[in-house]
Amino acid sequence: MSSFPWLTTIGVIPLVGALVISVLPKGSAKLARPVALGFSVLALIVGILAATQFKTSGHNPQFQLAEVHEWIPQIGVSYALGVDGIALSLILMSLVLVPVSLLAAWHDVPEPGRRQQGYYALMLVLETTIVGVFASTDVFLFYIFFEAMLIPVFFLIGSFGGGPRARYAALKFLLYSLAGSLLMLVAVIALYQQGPGGSHGFLVGNLTGLHMSQDTERWLFVGFFIAFAIKAPMWPVHTWLPDAASEAKPATAVLLVGVLDKVGTFGMIRFCLQLFPNASKWATPVIIVLAVISILYAAMVAIGQKDMMRVIAYGSVSHFGFIVLGIFAMTATSQSGADLYMINHGFTTAALFLFAGFLIARNRSRNYPDYGGWQRVTPLLSGFFLLACLSGLALPGLNSFVSEFLVVAGTFQRHKVAAGFAVFAVILSALYMLLLFQRLYTGPKPAGKEHVRDLGVREKVVAGVLAVFIIGLGVYPKPALDVLRPAVTQTLQHVGVHDPAPTHGAAVDGSSK
Amino acid sequence: MAADSFVQAHIDYGAVAPMLIVFGTAMVGILVEAFVPRASRFWVQLPLAIAGMVVSLVVLVTISRGHEVITAGGAVVIDAPALMLQGTVLVLSIIALLAMAEPLGTRSPDAFTQSGASVPGSPAEANAVRLGATSTEIFPLTMFAVGGMMLFPSASNLLVVFIALEVLSLPLYILTGLARRRRLLSQEASMKYFLLGAFSSAFFIFGAALIYGFAGSLDFDAINKAIGTNGGMDGLLAPGVLLVAVGLLFKAGAVPFHSWTPDVYQGAPTPVSGFMAACTKVAAFGALLRIFYVAFESLRWTWQPVLAIVALLTMVIGAVLSVVQTDIKRLLAYSSITHAGFVLVGLIALNTVGISGTLFYLAAYGFSIIAAFALVALVRSGGTEATHLSQWAGLGKTNPLLAGTFSFLLLAFAGIPLTSGFVAKFAIFSAAVGHGATWLAVVGMAMSAVTAFVYVKVIVLMYFSEPAEGTAVVTPSALTGISVAVGTVLTLLLGIIPAPLFEMTQHSTLFLR
């Protein structure tokens with residue numbers, strides 16, 4: 001069974017689905033949505049089967065479920081897939097979120113026809129690129145998915161976003177991302193020249209632990225890091241995200257913020273830390289400062305927003321700050337926290353965006369002033385929304401708390417000041433999340449909304465699935481942490497840092513252990 | 001050697017047969033014009049021309065490959081790069097000719113006037129149309145141009161280079177002036193092209209004369225040897241090299257010899273613009289490769305920095321000026337200038353990766369640009385071609401097939417992964433980074449981002465805007481259909497499985513001298 005191409009299968013299933021949808025004859029055009037859902041659920045099932053093949057105990061190679069084939073041997077490119085714990089968890093998270101989003105997006109393009117087919121086909125194409133980007137163990141292949149995934153998102157925002165500034169948002173998203181990734185391409189090329197070359201010269205394994213000159217390593221690190229920082233997004237290159245997320249349909253926003261942006265933080269771990277360990281340590285002070293600014297600045301901006309989608313988007317920027325902080329604090333605790341945070345943030349953001357989408361579908365507005373008192377209209381939705389908000393502010397017992405705590409605790413071992421500043425975000429996030437809930441749901445019952453229905457069956461399924469993950473990962477995060485831990489250990493080994501000794505005040509020089 | 005002992009040059013007919021076949025077909029084409037009745041000329045000329053090129057290609061692949069020689073008294077060299085370039089020219093020309101021949105339901109190529117010599121709008125023109133004049137003379141003209149393009153990169157003597165230059169240029173000057181619609185613009189373009197082309201030819205021949213004065217020979221090999229031995233004559237050599245370069249860079253459309261490109265591409269019949277952008281570039285860069293790698297090889301450290309600056313200017317000026325274009329043909333023209341800059345980056349790498357990358361890029365770009373111009377020719381408004389960008393608004397809604405194909409080609413020009421443009425760019429910039437010109441690669445990537453903005457703007461216009469009034473897409477015959485399909489499919493295939501073409505270009509880097 002070990003030779004079965006699990007990852008390729010997971011990636012190809014949605015692509016086949018997209019093809020089927022796009023060639024549906026006119027008579028059966030209304031099948032587009034069920035077909036899309038069916039293929040994404042199939043991908044999820046295969047994904048779960050693949051996960052059962054993944055070994056967490058014992059001594060394993062860095063990448064499991066690996067597939068390596070020559071692709072363009074002349075320039076060293078291989079078709080190479082494989083996952084470690086981080087990649088596997090992110091893929092599973094995406095595989096869950098895609099059918100959930102599709103279900104939530106059931107009425108985004110209500111009338112059957114070319115347009116509807118296009119919408120769901122693009123979603124499935126996006127799923128393929130997501131699987132590809134997390135599963136690639138060849139830098140070139142990663143880059144291909146990294147850039148190719150921009151195209152479906154571009155059309156999802158621009159053609160289907162519906163907001164008045166969707167064109168602008170789509171263009172801004174694409175140009176920001178392209179600018180970063182084109183610079184990264186130079187770094188990718190230069191990295192190959194530093195490596196052993198040959199027909200498998202782009203494999204991550206062949207590029208790990210290279211001996212480069214200090215300057216080269218730093219330049220390459222910067223080339224990769226900027227692209228990932230734009231993707232993640234970090235202050236000050238975050239401004240495309242609120243626009244893109246608020247102009248996109250909620251389901252697109254989930255895939256964009258909840259999944260795609262993880263590619264940025266994932267890339268930092270997989271490429272920046274693993275391939276350029278010394279440069280990563282060199283850049284740490286700057287990145288930690290930027291991460292703390294991201295955390296605090298985005299949280300404060302979120303408080304001042306009128307548009308609920310923008311609140312959630314800025315909240316995400318703040319959470320991404322935590323993830324980056326956890327990654328570059330480089331302790332086992334903070335890394336585990338950051339990795340777990342990536343998963344948790346996916347579910348929390350999905351819940352926030354999709355529940356906000358349910359509300360918007362009922363009142364046709366994204367802005368606070370049009371709301372108030374909706375818990376009297378849609379009590380069930382309000383309950384789920386509160387749960388999502390509480391998860392967003394990292395209430396103990398819910399998923400985000402575990403990861404946020406781990407990040408802050410891990411960071412404190414090495415960077416006390418940074419951790420101290422970051423903690424303020426806990427208060428700020430409580431403020432913007434609770435304000436969001438308060439303004440939308442509390443207050444007197446709105447007039448003329450008596451006929452508005454609460455959640456239907458479809459929406460209950462969406463909400464239920466997300467609630468299970470939010471509570472489940474909060475109460476019992478151990479399975480996720482078990483999958484992540486070996487990968488964390490491996491990353492830290494590549495960087496060559498050890499945790500500071502746990503004794504009091506010993507966090508001066510971690511490498512002296 | 002005594003002047004009176006004439007030795008007849010030996011000609012290896014197996015080596016030069018492909019060119020002879022093309023020239024022979026052109027001659028027969030002229031006879032067809034003279035003797036075949038108008039009604040059936042089109043269906044004689046088109047199969048004749050296509051057959052001529054196909055037979056030539058078959059002979060090239062089967063016979064000439066075994067005849068890698070310097071022949072015809074050292075005037076023509078058939079080696080691996082020459083074969084590769086000739087093959088590329090032939091394949092591209094076949095596709096381009098199919099698009100040029102598009103009759104749109106008439107009995108002669110639709111894009112061309114039936115009476116090129118008459119004053120636009122004059123009674124003479126009306127008379128010619130009434131009498132049923134055809135525009136089938138474009139077939140022999142194109143064949144002569146193709147023959148010249150095949151000779152250009154395989155000439156091994158400056159005089160033969162000059163002859164090839166004229167043979168390929170003169171038919172192009174005429175073809176440029178033959179547009180059926182907007183005839184004044186077309187004639188103006190033709191005039192500009194002819195005058196500037198004549199100037200550049202004069203520069204070239206003057207440069208050749210100076211080099212003859214320096215080396216006492218026009219043969220590439222002899223020139224190269226003389227550079228190593230003749231000291232103190234740099235006053236003849238340096239201006240000679242520069243002037244020869246001017247003549248060739250003019251044909252390649254490099255800055256600062258690019259100013260004809262937008263005017264000519266805009267005025268010429270649209271499929272001819274595609275033919276020029278693809279095939280002329282292949283021929284011109286082929287000749288540049290041979291002259292700089294064989295004749296001026298010993299001077300490489302002198303000309304390399306000069307051409308690096310030309311490459312830089314070409315990329316930057318082409319990209320920046322393409323931003324402000326409002327005419328799709330001019331936009332593609334500036335884009336072709338940028339691409340010429342990219343190719344130059346590969347050309348100056350002075351390594352086999354560079355040569356192979358250059359050859360790959362020329363082929364990949366050629367397929368895409370021919371298909372793109374063939375599509376432009378189909379968008380009409382009020383009886384003429386709708387080339388203003390505003391007329392392209394909303395094409396994604398009114399004609400999804402054309403808009404989708406064109407968008408895909410634009411993404412290829414932008415160098416998005418899974419298109420040939422990405423692989424080609426990667427090959428070029430690998431060569432640049434490989435020989436230490438990382439700065440050129442960085443500038444190239446930055447300019448890629450700029451041009452990506454331009455292309456994406458067109459996509460935004462087609463997909464995210466309301467359809468423009470009066471714009472219609474004519475339904476072409478199978479000729480354009482095949483041309484576009486082949487161009488597009490190859491653009492995709494070379495993006496996904498580029499290994500076979502890489503294999504070929506990598507085996508085509510050794511010049512005979």
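Note that the coordinates shown come from a computational prediction; the quantities given were computed from them, not determined experimentally. Throughout, protein chains are lettered first and strands after them, A, B, ... in sequence-line order, and every chain is numbered starting at 1.
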Do the ring planes of B:Phe422 and A:Phe140 sit parallel (below 30°), tilted (30 to 60°) or perpendicular (above 60°)?
-> tilted
Could you tell me whether the side chain of [Y] reaches within less than 4.5 Å of the side chain of [X], counting heavy atoms only?
X        : Y        : value
B:Leu375 : B:Val379 : no
A:Gln117 : A:Val23  : no
A:Leu191 : A:Phe271 : no

Pick from [options] with the largest number of heavy-atom pairs that fall under 4.5 Å of chain A:
options                      : value
B:Pro400, B:Gly415, B:Ser430 : B:Ser430
B:Met445, B:Gln506, B:Glu503 : B:Met445
B:Ser356, B:Pro498, B:Ala452 : B:Pro498

Best-contacting candidate, A:Tyr192, A:Tyr143, A:Phe155, against chain B by heavy atom pairs under 4.5 angstrom | A:Phe155
Could you have a look at A:Val77, A:Ile151, A:Val188, A:Leu174 and say which one has the most heavy-atom pairs with chain B under 4.5 angstrom?
-> A:Ile151
Salt bridge B:Glu466-B:Lys397, side-chain N to carboxylate O under 4.0 Å = yes
Side chain, backbone, both or neither of [X] within contact of chain B (heavy atoms, under 4.5 Å):
X        : value
A:Gln74  : both
A:Trp71  : both
A:Ala187 : neither

Paired with A:Tyr79, the side chain to side chain donor-acceptor pair (under 3.5 Å) test is passed by just one of A:Asp138, A:Thr8, A:Thr137, namely A:Thr8
Residue part contacting chain A, namely of B:Phe426, when any heavy atom lies under 4.5 Å = both
Cation-aromatic face contact A:Lys231/A:Phe146, 6.0 Å, 45 degrees | yes
